[in-house]
Protein chains: 2
Amino acid sequence: MPYVMVQIPNAPAPTMPPVPRPVPTSADVARLAGVSRATVSYVLNNAGAVRISEPTRRRVRQAAKELGYVPHAAARTLRAGHSRMVLMPTLPVPAGPLYSQFVHDFQGALSRLDYTVVQYGATGLRGDDAARAWAELRPVAVLVPSPGVGPEGVAVLKRSGARTVVTLGPEAVEGARALLLDHADVGRSAAAHLYARGRRRIGVVVPAERGMEMFSGPRLAGSREALHGTDAHVTELSLAYTEESAAALAARWPALGLDAVFAYNDEYAMLLMRALQDAGVRVPEDVAVIGADDLMLGRLLRPRLSTVRIALPSGRDLASLVDRAVRSPAAVPEPHEPFGATVVQRDSS
Amino acid sequence: MPYVMVQIPNAPAPTMPPVPRPVPTSADVARLAGVSRATVSYVLNNAGAVRISEPTRRRVRQAAKELGYVPHAAARTLRAGHSRMVLMPTLPVPAGPLYSQFVHDFQGALSRLDYTVVQYGATGLRGDDAARAWAELRPVAVLVPSPGVGPEGVAVLKRSGARTVVTLGPEAVEGARALLLDHADVGRSAAAHLYARGRRRIGVVVPAERGMEMFSGPRLAGSREALHGTDAHVTELSLAYTEESAAALAARWPALGLDAVFAYNDEYAMLLMRALQDAGVRVPEDVAVIGADDLMLGRLLRPRLSTVRIALPSGRDLASLVDRAVRSPAAVPEPHEPFGATVVQRDSS
DNA sequence: TTGAAAGCGCTACCAC
DNA sequence: GTGGTAGCGCTTTCAA
């Protein structure tokens with residue numbers, strides 16, 4: 001009696017737990033509307049090539065609404081062989097205001113170009129493993145804050161159908177379109193500025209928080225590099241983003257004997273500046289302070305905070321770059337000027 | 001001669017543009033390794049139920065690596081009938097520090113539970129259209145900063161296979177697990193605090209930026225509500241996040257005759273406080289100022305900024321809540337205490 | 001104007 | 001141990 005155990009699809013369980021109704025498919029819609037699945041597809045996608053009578057259209061739409069039908073993106077992607085998803089891995093650290101704004105603009109601009117931007121939370125995976133995870137989604141384009149992907153990873157992504165891979169960071173990666181954004185240059189600019197202002201014993205703040213090395217490393221290295229071979233000296237200062245840590249650093253300030261500090265960014269600068277002022281250290285007389293990122297808060301501090309402004313590409317420009325690359329991957333990307341870091345001198349240095 | 005025009009799959013074009021090599025599939029791997037697709041699948045997924053000889057495993061892995069094979073997530077999802085994607089629509093405004101931190105924690109925690117968190121940039125779509133767009137991805141769970149989805153939207157998501165829909169906002173939505181986070185309560189707390197401090201002519205800052213109404217509306221309404229029927233009076237103050245806008249507001253401050261202001265959040269409070277101080281208005285003597293969100297910068301201002309702290313759920317708690325809901329959607333969610341708003345009084349009020 | 005059916009890439013059941 | 005194969009939901013050619 002081989003038929004006895006056959007499970008009838010969609011049959012309600014004889015008793016008990018409320019069987020979760022299966023997700024309606026286009027076949028269900030077709031059945032309810034009394035048409036074929038093809039017709040359903042035509043109607044719901046407003047296929048221009050085919051003429052469907054108005055009554056039929058209405059019946060189909062009505063049935064779809066009645067069932068709460070929603071097409072299955074995976075099935076569509078599979079069938080179509082491509083998607084319009086632009087993937088952007090999330091940063092390993094909470095986004096700052098600068099990056100949040102950038103992502104927001106980029107997303108908005110790409111939405112208007114009819115792409116879907118997806119921020120993919122891939123914490124835990126590193127390097128090429130991460131790239132493989134992204135590639136599984138078959139995005140049409142990928143924007144990676146580099147470092148975070150190597151040439152291998154780029155190759156995997158492209159072989160998986162990505163029409164373009166754009167990196168946003170200090171180093172160009174083989175095979176990817178690089179938007180050069182050199183954090184070392186921020187450090188260089190800050191250090192050079194402080195040197196030009198006559199300072200010689202220069203502290204560089206390095207956030208104690210994990211995951212920030214990606215940015216803080218280059219900023220420190222750049223500072224070192226700018227002062228190499230001069231009579232100035234760089235001291236690395238670890239600082240956590242807490243008042244306690246800042247107070248502790250301020251307490252040992254006299255012993256450090258510094259006359260200037262590059263505070264990683266404006267937020268750390270604000271934190272440190274306040275702690276120094278509370279400890280009786282005068283800014284800029286005793287110590288010059290410079291931040292980075294040109295956040296609003298720097299303009300609101302007293303003394304006004306000098307900062308290094310880093311020119312991010314506008315979200316809209318980058319969106320159109322991605323769009324062009326998707327439409328003609330063949331086009332040779334014109335090499336890109338690195339985004340410059342410029343010092344905005346105010347009153348703290 | 002019907003065969004003449006047949007296109008041979010994968011045949012290189014006789015001349016011309018470098019044909020993008022087609023994406024390798026598991027069939028390609030199988031062919032190269034000289035095994036069946038089934039075997040490839042078993043090997044690459046480490047299927048425990050089946051024993052595959054070590055040499056075969058090696059051959060398969062080697063072939064996969066050689067081709068740069070990456071499985072197709074859409075196909076897998078389609079076949080499996082479900083995914084482990086947790087979808088979170090991106091906010092219509094750039095995320096502030098509070099939310100960035102929350103999202104980061106939430107993502108990290110869910111990653112550790114083996115979910116994939118995806119922030120979906122759905123700008124442009126509203127309400128139930130947006131919900132439909134999310135549903136197309138068939139996420140296993142959805143976290144929506146409400147408002148942003150109605151009961152209809154929740155129903156669509158659930159019918160599309162979402163095991164749970166969690167809203168994070170002021171109102172419970174039928175069918176969804178609500179984390180009540182009432183911005184009106186922030187306004188109420190701020191206003192009540194200012195009233196208790198003896199202030200009666202109270203300004204409430206409303207950001208001029210588009211898209212913020214979602215938060216600013218309730219905060220204003222809550223302030224109004226708290227003072228309704230008292231002898232205090234609320235004045236709505238539009239303020240853009242620029243120094244110019246703040247200076248303009250400060251310039252007409254005397255005419256406004258206010259003795260207190262709830263400045264929407266700490267960032268706007270900082271901006272306004274600076275402008276007021278520059279215009280010779282004393283804080284808190286002439287005007288009491290209170291912000292919200294309890295950001296670090298409030299503690300660094302002088303006078304220290306009073307603020308309304310809003311207790312967000314921890315990312316980890318929320319992640320485990322989602323995980324439990326996914327595993328047993330039947331479980332009746334214990335009703336949740338709204339997250340409270342508590343006033344942190346410092347020196348500005 | 002509508003329907004039948006192939007096939008996108010993958011996994012899991014069953015047979016060998 | 002390994003292979004054949006059905007079928008997930010969808011779109012689109014071809015036939016009727």
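This one's a predicted model, so the numbers in the text were calculated from it and none came from an experiment. Labels below follow one simple rule: chain letters A, B, ... track the order of the sequence lines, proteins then strands, and each chain is numbered from 1.
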Nucleic acid contacts of residues 74-81 of chain B, taken as heavy-atom distances under 4.0 Å to DNA chain C
B:Ala75, B:Arg76, B:Arg79
Side-chain N or O of A:Ser26 versus OP1/OP2 of D:dC10: is the shortest distance under 4.0 Å?
yes
Write down the atom of A:Leu78, the atom of B:Ala75, and the distance for their closest heavy-atom approach.
CD1-CB, 3.8 Å
Can you check the B:Arg37 CZ to C:dC14 C1' distance for me, whole Å?
16 Å
With distance as the sole criterion, do the side chain of B:Tyr42 and the base of C:dC13 form a donor-acceptor contact below 3.5 Å?
yes
So how far off straight is the helix from C:dT1-D:dA16 to C:dC16-D:dG1, going by the axes through five pairs at either end, to 10°?
40°
Please confirm whether the backbone N or O of A:Gly161 pairs with a side-chain atom of A:Arg138, one donor and one acceptor, at under 3.5 Å?
no
How are the rings of A:Phe106 and A:Phe102 set to each other: parallel, tilted or perpendicular (split at 30° and 60°)?
parallel
Can any side-chain N or O of B:Ser111 pair as donor or acceptor with the backbone N or O of B:Gln107 at less than 3.5 Å?
yes
B:Ser41 side chain N/O closer than 4.0 Å to the phosphate oxygens (OP1, OP2) of C:dC10?
no
Value in whole Å for how far the C1' atom of D:dG9 lies from NE2 of B:His82
16 Å
All heavy atoms of B:Pro145 vs all of B:Leu143, minimum pair found to be CD-O, 3.8 Å
Quick check on D:dT2: is either OP1 or OP2 less than 4.0 Å from any side-chain nitrogen or oxygen of B:Thr56?
yes
Between A:Thr39 and C:dG3, is there a side-chain N or O to OP1/OP2 distance below 4.0 Å?
yes
Can you name the closest pair of heavy atoms from A:Gly150 and A:Val173 and give their distance?
C-CG1, 3.5 Å
Whether the side chain of B:Arg57 engages the backbone of B:Ile52 through a donor-acceptor N/O pair (distance < 3.5 Å, no angle test) should be reported.
yes
For B:Ser83 and B:Pro139 the tightest heavy-atom approach is OG-CA, 4.3 Å
Of B:Ser36 and A:Asn45, whose nearest nucleotide on DNA chain D comes first from the 5' end?
B:Ser36
Is the phosphate of C:dG9 approached by B:Thr25 (side-chain N or O, under 4.0 Å from OP1 or OP2)?
no
Between D:dC10 (C1') and A:Asp28 (CG): distance, integer Å
13 Å
Assess the side chains of A:Ser320 and A:Arg316: does a donor N or O sit below 3.5 Å from an acceptor N or O?
no
Over how many whole Å does the gap from B:Leu44 atom CG to C:dT11 atom P extend?
8 Å
Gap between atoms CZ and P, on A:Arg51 and C:dT2 respectively (whole Å):
12 Å
Are A:Asp323 and A:Arg327 within salt-bridge range, i.e. N to O under 4.0 Å?
yes
Could you state the atom-to-atom distance from OH of A:Tyr69 to C1' of D:dG9 in whole Å?
7 Å
Separation of A:His72 atom NE2 from D:dC8 atom P, in whole Å?
12 Å
A:Ser53 side chain, from C-beta outward: closest of D:dT2, C:dT2, D:dT5
C:dT2
Over how many whole Å does the gap from A:Arg57 atom CZ to C:dT2 atom C1' extend?
13 Å
